[in-house]
Structures are given as structure tokens and as C-alpha cells.
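See below for the structure under consideration.
Values reported hereafter were calculated over all heavy atoms of this structure, with side chains retained and with hydrogens, waters and symmetry mates removed.
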Amino acid sequence: MSSDSVLIERRADGLLDIVLNRADKGNLLNAETGEAIIAALRDVGDDVKLARITARGADFCAGRESPMPPPGSKPSAEMLRGIVAAPPLALYDAVKAARVPVLVVARGRSFGAGCALACVADITLAEEGAEFQIPEMERDIPPTLVMSALVGRVPLKTIAYLVPLTRQYKD
């Protein structure tokens with residue numbers, strides 16, 4: 001299921017190639033991108049031996065488009081859970097539960113959801129100069145979603161470095 005925001009190709013050599021395709025927007029994740037990646041990983045057949053997630057352009061993924069309702073609206077907690085929390089958690093869970101190893105190749109910025117996506121993969125290769133950051137606390141956003149994704153995949157000291165300090169980790 002390819003779309004404009006993500007290109008998905010099952011290759012004859014056993015590779016499922018997933019390419020983030022929003023270079024003009026830093027490859028920000030959106031609902032469409034996440035749903036396409038989830039579907040591709042869910043539908044992996046026996047012919048696939050490895051899923052590789054890469055990106056076009058200078059950055060792997062600079063985060064995600066804000067799904068927050070406009071100021072002044074009064075969304076319910078259930079609505080917020082459904083549009084803000086559930087989509088990225090479903091994506092991270094799909095990567096963790098994939099039937100094949102998931103490899104992320106990161107370059108440039110991997111911020112917020114992009115950093116989490118790189119961290120939950122089975123293997124992450126980072127180009128020299130790649131930057132990883134969890135900037136939620138800079139914007140007064142509780143980092144609970146990203147922290148829940150990272151626990152069990154990333155050493156706790158790395159989470160402690162990335163999350164509360166909001167510092168960039170450069171490879």
C-alpha cells in the first residue's frame with residue numbers, strides 16, 4: 001500500500017522497502033504514513049526476510065504533523081487518545097511486532113516520532129552526523145508516548161539523556 005507520503009516495495013530479494021517520501025516536509029509522519037507502514041508490516045509474507053525503513057531527502061524523519069485539535073475546541077479525552085496517542089503507539093507496536101527484522105537507516109534529523117521510530121527498530125544504522133532528539137519537553141508536552149515506546153528497546157540511561165534534557169544526540 002504505497003501512497004504519496006510513503007513508498008512501499010516488496011522486492012524479489014526478500015526485502016520490504018519502506019521509504020518515507022515527504023522530503024519537502026522533513027519526512028514528518030502523518031496518519032496516512034503510519035497506516036501504510038502498519039499495513040505493510042502486518043501483511044509481510046514468507047517471501048520477506050527484512051523490512052527496511054529509509055527516507056528521501058536530507059532527514060530521516062523530523063517528527064510528526066500535529067494532530068491536535070485547533071485552539072478553543074473542547075475535545076474529549078477519548079478523542080485525544082484516538083487522534084493523538086493511538087496512531088504513533090500503533091506504529092511503534094507494529095514495528096516491534098513485525099514478523100521480520102526491521103532495519104532503519106537514519107540520516108539528518110530523527111526527531112520526536114522519527115527518533116522513536118529509529119529506536120524501536122530491531123537495527124538502526126545512522127549516517128555520520130545523524131541527529132536524534134526527543135523535543136517534547138521543550139514544548140511542554142509530556143513525553144509519555146515516546147517513553148513508553150522506548151522502554152525495552154533503548155537503555156534507560158539513553159532515555160534519561162534524550163527525554164528530560166531535550167538534547168540532541170549526534171552520531
Side-chain angles (χ1 to χ4, degrees), residues 1-8 18-44 51 53-98 102 104 106 108-122 124 130-156 158-169:
M1 173 180 158
S2 288
S3 70
D4 289 341
S5 65
V6 62
L7 306 173
I8 298 172
I18 301 170
V19 182
L20 303 179
N21 190 38
R22 301 180 76 208
D24 59 327
K25 296 183 180 184
N27 289 311
L28 292 175
L29 296 176
N30 60 19
E32 178 186 10
T33 305
E35 290 166 7
I37 294 170
I38 291 167
L41 292 173
R42 180 189 57 232
D43 297 336
V44 165
I53 304 175
T54 61
R56 298 218 170 159
D59 295 314
F60 172 65
C61 177
R64 74 177 176 140
E65 290 181 343
S66 176
M68 292 299 290
S73 62
K74 298 194 184 268
S76 68
E78 182 61 25
M79 181 183 150
L80 285 176
R81 186 191 73 71
I83 65 171
V84 177
L89 292 177
L91 174 59
Y92 306 147
D93 287 346
V95 171
K96 292 178 190 178
V102 177
V104 163
R109 297 178 297 166
S110 295
F111 289 179
C115 182
L117 185 57
C119 288
V120 298
D122 297 300
T124 299
E131 301 173 43
F132 298 86
Q133 184 182 26
I134 306 293
E136 277 83 342
M137 290 182 68
E138 284 180 347
R139 298 177 306 212
D140 295 326
I141 299 171
T144 53
L145 291 178
V146 72
M147 288 176 71
S148 68
L150 299 181
V151 169
R153 292 293 232 204
V154 175
L156 292 176
T158 301
I159 297 171
Y161 177 83
L162 285 170
V163 175
L165 300 178
T166 68
R167 293 187 180 151
Q168 289 181 14
Y169 173 82

Note, [X] side chain near [Y] side chain (heavy atom, < 4.5 Å):
X      : Y      : answer
Arg64  : Val84  : yes
Cys61  : Leu29  : yes
Ile159 : Ile134 : no
Asn27  : Phe60  : no
Asn30  : Arg22  : yes

How many angstroms lie between [atom1] in [X] and [atom2] in [Y], if you round to the nearest 0.5 Å?
X      : Y      : atom1 : atom2 : answer
Thr54  : Leu20  : OG1   : CG    : 7.0 Å
Thr33  : Ile38  : OG1   : CD1   : 10.5 Å
Leu28  : Ser5   : CG    : OG    : 11.0 Å
Lys74  : Met79  : NZ    : CE    : 13.0 Å
Ile18  : Ile37  : CD1   : CD1   : 6.0 Å
Phe132 : Cys115 : CZ    : SG    : 6.5 Å

So, for [X] and [Y], which heavy atoms are closest and what is the spacing to 0.1 Å?
X      : Y      : value
Val44  : Leu41  : CG2-O, 3.3 Å
Gly57  : Ala23  : CA-CB, 3.7 Å
Ala36  : Ile8   : O-CD1, 3.5 Å
Val146 : Ala116 : CG2-CB, 3.5 Å
Ala130 : Ala106 : CB-O, 4.1 Å
Val151 : Lys96  : O-NZ, 4.5 Å

- Positive for side chain to side chain contact (heavy atoms under 4.5 Å, CB included) with Asp122, one of Val104, Val95, Val102: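 Only one of Val104, Val95, Val102 forms a side chain to side chain contact (heavy atoms under 4.5 Å, CB included) with Asp122, namely Val102.
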- Please list, chain by chain and in numerical order, all residues satisfying salt bridge (Lys or Arg N to Asp or Glu O under 4.0 Å) with Arg81, sequence neighbours excluded.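 With sequence neighbours excluded, Arg81 shows a salt bridge (Lys or Arg N to Asp or Glu O under 4.0 Å) to Glu78, given in chain and number order.
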